[in-house]
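A short worksheet on the structure shown next.
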Amino acid sequence: MNFDDVQSVISLQRDNEGFVRDMRRQSKEAIDFVSKRDGQWETSIIQKFKGRPRYTDDRVNPIINQIVGEVFQADFTGRVRPAGGDATKDTAKVLDGLIRTIRNKSKFKRIINGTAKRVAVAGISGWEIVKDYSEPTSFEMDLMIQPLDDFHERVLIDSNSMSPVADDAKWAIIKHYIGKDAFADKFGDDKKVVSLGSDEWSDSYYYKPDNITIGQLYYLKEVKLTIALMNDGSVYNFDDKFKAAQDELEDEGIDDFVCCQRWYSASEWLTEPEVLDFNFVPVVPCYGNFEVTEGKVVYYGAVERLMDIQRVHNYAFSRNVEEVALSPRSKWFMTPEQSAGYENKLRTLNTNMDPVQFYNHVADQPPPFYSNTSAANQSVSNLIAITDEGINKAAGIFSSNIGDNPNMQSGVAIQEQIERGNNGTSWVFEALEQSIERTCELLSRAIPKTYDGTREVVLTQ
């Protein structure tokens, strides 16, 4: 791949947008389903219900909140341990403290919580590792973790990557939405404002900021390194600094990578290549129910399996309202002659406590009769109950998980139901744990190049 040619990069972007278009639309539909007004109704059905009762009895969002609530209460930690080479406990302790400090300064717990909800809904989310100045007036750089909102729309990862944490990715593209004034401030007035646009056929929302779309490219560039194997088993880069203190050694040329960054529009490069202190692509995805099939990465969240049954539930709920709540009220039928003199009593028939309602007997007229309202459609009521239970089962959530335990059960029985429900949502925790582990690994690799021996950092607990 020629990463020096902007048109080649744009072609790469377009091709890969095509590869993942089905998965991206699946994620977008799930997000709209839980967050957009009327998102739980298909457009064709909305047209057919015009003028008729159409209500949403949302049972999906409480399930998502239940799944995410468990993540909110969990505590995700990472530990650095010395393993081989010149690793020591002291070095591991310093790395462990720095990683903890970076996580705290980045408010990583909030990022994890937000990612958990998006994974539970859309099946994909993630974050990136960046370097930024520790203070606006400082020359010192800090590593930070930043969330990547709209991950399913904005982020493209090397299509050859088949790893749930993209540790085999050679490139990634992040699309950014930016206003024209901000564009000029960041890249200068000499750059053309040509937006990358969107590959989507339609947008969910019409009223949005008038932004343009630009791309941020991360790519790995191959470099040659010479490493030295010391007689004590330690390994060093074979550079001029090392040569001054060389010992018995065995040197070998190897291939390594450096990560480069570059911004672009639909017509030109916006920046020159910037070599970062990373030898990895600093984008960490988080996939729900990750799977590779037919050489393609597939994923899905909890909503994907609930949409159909929730729609049926809404149909049944609305039909029940139409047949019961809006059906004619029960009434007494009589002629004006039969009600003469009793009009006031009849007007308060629903509120007075009179045990008898009198009427006038009129010859050759049938006596007043009472018309009952239509009874509830038992089939519709059964369908509501079936879909209500089916939604929870499809999500792997049981009554005890949502605090609904109408039966007299022992504490042991309730706990067993809760454990069954926890097993049904463990995939969210597994996805988060893999991504957090990958993040700690990348931070431990980046820290030695960012924080030197003269840097003073206050470690947080």
Side-chain angles (χ1 to χ4, degrees), residues 3 78-80 87 90-112 115 126-149 154-155 165-167 169-174 176 178 182 185-188 214-221 223 225 236-237 239-242 256-264 269-285 435-461:
F3 288 110
R79 289 289 183 266
V80 179
D90 290 338
T91 301
K93 185 176 180 181
V94 172
L95 287 174
D96 190 76
L98 284 170
I99 291 174
R100 188 167 58 251
T101 299
I102 293 168
R103 289 175 48 152
N104 291 341
K105 291 185 67 174
S106 303
K107 296 180 173 56
F108 193 45
K109 177 58 177 173
R110 294 184 185 177
I111 296 175
I112 292 174
T115 299
W127 52 77
E128 65 174 326
I129 298 172
V130 300
K131 285 182 66 173
D132 199 0
Y133 290 103
S134 57
E135 299 290 343
T137 58
S138 173
F139 289 99
E140 296 178 333
M141 305 289 286
D142 277 336
L143 292 170
M144 299 289 288
I145 305 169
Q146 290 183 352
L148 287 172
D149 299 324
R154 295 175 51 210
V155 182
V165 291
D167 53 7
K170 297 297 188 293
W171 60 267
I173 292 173
I174 304 174
H176 294 266
I178 185 172
D185 291 341
K186 185 176 180 64
F187 302 109
I214 58 176
Q216 178 188 13
L217 169 68
Y218 287 118
Y219 64 97
L220 296 183
K221 183 177 180 180
V223 295
L225 291 180
Y236 295 93
N237 283 339
D239 52 21
D240 292 337
K241 183 178 179 180
F242 169 76
D256 196 12
F257 296 93
V258 293
C259 184
C260 299
Q261 172 186 249
R262 204 168 186 184
W263 294 73
Y264 65 96
W269 290 116
L270 300 176
T271 62
E272 294 298 320
E274 178 186 359
V275 179
L276 306 177
D277 288 336
F278 304 148
N279 62 350
F280 53 83
V281 174
V283 175
V284 181
S435 297
I436 293 170
E437 180 182 352
R438 170 66 174 169
T439 302
C440 292
E441 175 196 344
L442 297 184
L443 288 176
S444 66
R445 289 162 57 180
I447 283 173
K449 296 184 178 181
T450 306
Y451 301 88
D452 58 28
T454 61
R455 178 78 180 273
E456 292 185 2
V457 178
V458 178
L459 302 182
T460 57
Q461 298 297 322

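Just so you know, residue 1 is the first one in the sequence shown, and it goes up from there. Side chains included, hydrogens not; waters and symmetry mates left out as well; all remaining heavy atoms used.
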Rounded to the nearest 0.5 Å, how far apart are SG of C440 and CD1 of I145? 7.5 Å

About how many Å separate CD1 of I129 and OG1 of T450, when rounded to the nearest 0.5 Å? 10.0 Å

To the nearest 0.5 Å, atom CG of D167 lies from atom CZ of R438 at 5.0 Å

Rounded to the nearest 0.5 Å, what separation is found between the OG1 atom of T91 and the NZ atom of K93? 12.0 Å

Give the minimum heavy-atom separation between W127 and F108, together with the two atoms involved. CZ2-CZ, 3.6 Å

Heavy-atom count check: over 12 atoms from other residues, nucleotides or ligands less than 6.0 Å from K221 NZ? no

Residue K107 excluded, over 12 heavy atoms near NZ under 6.0 Å: no

Can you name the closest pair of heavy atoms from V223 and F257 and give their distance? CG2-N, 4.1 Å

Ignoring hydrogens and geometry, is there a side-chain-to-backbone donor-acceptor pair from R154 to I174 under 3.5 Å? no

So do the side chains of L442 and P282 get within less than 4.5 Å of each other, counting heavy atoms only? no

For a side-chain contact (heavy atoms from CB on, under 4.5 Å) check, start with the C-alpha distance between F278 and L143, then their side-chain angles and the critical distance, and finish with the verdict. CA-CA 11 Å; F278 304 148; L143 292 170; 3.9 Å; yes

Looking at S435 and V284, would you say the former's side chain and the latter's main chain have a donor-acceptor pair under 3.5 Å? no

R103 CZ to I436 CD1 distance, which is reported to the nearest 0.5 Å: 6.0 Å

V130: which residues meet the side-chain contact (heavy atoms from CB on, under 4.5 Å) condition with it, sequence neighbours left out? E128, M144, Q146, Y218

Test ring pair (Phe, Tyr, Trp, His ring centres under 6.0 Å) applied to Y219 and Y264, W171, F3, the passing residue: F3

Which atom names give the shortest non-hydrogen contact between V283 and A172, and what distance separates them? CG2-CB, 4.1 Å

side-chain contact (heavy atoms from CB on, under 4.5 Å) between Y451 and V94: does it pass, once the steps are laid out? CA-CA 11 Å; Y451 301 88; V94 172; over 6 Å; no

Side chain to side chain donor-acceptor pair (under 3.5 Å) involving E274 - partner list, sequence neighbours excluded: Q261

Residue pair I102, D142: steps toward the side-chain contact (heavy atoms from CB on, under 4.5 Å) verdict: CA-CA 8 Å; I102 293 168; D142 277 336; over 6 Å; no

Measure the CD1-CG distance between I214 and L270 for me, rounded to the nearest 0.5 Å. 6.0 Å

Of all the heavy-atom pairs spanning S444 and L95, show the shortest one and how long it is. O-CD2, 4.1 Å

